[in-house]
Amino acid sequence: MPKAKGKSRRHKYSYNLNRKRLYRSARRRAAPRIACSHIRHAWDPHKSVAQNLAEMGLAEDPNKAVPISKKLLGMEVESDGQQPGKKIVRKPYVVNEMELEASLPEKKSNTLSRDLIDYVRYMIQNHGENYKEMARDEKNYYQDTPKQIKRKINVYKNFYPEEYKNFIASLKPEKMEVQ
């Protein structure tokens, strides 16, 4: 089958085309990415970033928001008590919602896998505190050393202290029955 006519021709680079201008114009139209939902909902796309942040009571530049006092620099300066350029906050609810969200306690989202919990419980149930015996156990598939097993048990203790205490308490009556 014959080749298509235009495919064998070498493509030439166009030196006269301004690619920066094309890239800049496409980037300029994109709205700023805002991570906080409170700010995103109060954002006015027709205003500048500085105007939007000033209306919400937020600072665009932290160095201008909290200036370094002249006393710290070693110079004494008298002031009338008025702050020059005090902005009017039109959307104070944004800062209030952000403060409320920040004051909430952080929820623990990290947990241990079910396999690790079962492994640790099995080892404690069968071997107690004997880590060398645990290392020789046939269920030690990953060939953990005694120190690695001890570390895994300590992680389980730290993550689930109540569950660990209950588990240890449930093991004690079993041992008394055996003796």
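Within the 4.5 Å cutoff, the side chain of Glu129 has heavy atoms near those of the Tyr131 side chain. Looking at Tyr164 and Asn158, their side chains never come closer than 4.5 Å, going by heavy atoms from C-beta outward. With contacts defined as side-chain heavy-atom distances shorter than 4.5 Å, the pair Tyr160/Val155 does not qualify. Inter-residue side-chain proximity for Leu112 and Tyr156 is flagged as met; some heavy-atom pair is nearer than 4.5 Å.
Remark: Asn52 CG to Met56 CE distance equals 4.5 Å, nearest 0.5 Å. In this structure, the separation between CD1 on Ile124 and CD1 on Ile149 is 11.0 Å, given to the nearest 0.5 Å. Note that CD of Gln51 and CD of Glu55 are 7.5 Å apart. Values are rounded to the nearest 0.5 Å. Gln125 CD to Ile168 CD1: the interatomic distance, rounded to the nearest 0.5 Å, is 10.0 Å.
With no hydrogens or angles considered, no side-chain donor-acceptor pair links Gln143 and Tyr141 at under 3.5 Å.
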Carefully, step by step, assess Glu163 and Arg121 under the rule side chain to side chain contact (heavy atoms under 4.5 Å, CB included).
-> CA-CA 11 Å; Glu163 189 178 317; Arg121 291 176 133 232; 3.9 Å; yes
What's the verdict on side chain to side chain contact (heavy atoms under 4.5 Å, CB included) for Thr111 and Phe159, showing C-alpha distance, side-chain angles and the deciding distance?
-> CA-CA 7 Å; Thr111 59; Phe159 270 77; 5.5 Å; no
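Considering all non-hydrogen atoms of both residues, Thr145 and Ala135 come closest at C-CB, 4.4 Å.
The ring pair (Phe, Tyr, Trp, His ring centres under 6.0 Å) check on Tyr13 picks up Tyr15, with sequence neighbours excluded. Under the side-chain contact (heavy atoms from CB on, under 4.5 Å) criterion, Tyr93 pairs with Ala42, Lys91, Glu97, not counting sequence neighbours.
With hydrophobic clusters built from ILVMFWY side chains whose heavy atoms lie under 4.5 angstrom apart, Val94 does not share a cluster with Leu100. Hydrophobic clustering places Val49 together with Ile39 (ILVMFWY residues linked when any side-chain heavy atoms are closer than 4.5 Å, directly or through intermediates).
Looking at Asn130, Asp118, Asn140 one by one, the single match for side chain to side chain contact (heavy atoms under 4.5 Å, CB included) with Met123 turns out to be Asn140.
The salt bridge (Lys or Arg N to Asp or Glu O under 4.0 Å) pairs that include a residue from residues 137-150 are Asp144-Lys152, where partners are two or more places apart or lie in different chains.
By the 6.0 Å contact criterion, CZ on Arg90 is open, its count of non-hydrogen atoms from other residues, nucleotides or ligands being 12 or less. Atom NZ of Lys165 has 12 or fewer heavy atoms from other residues, nucleotides or ligands within 6.0 Å.
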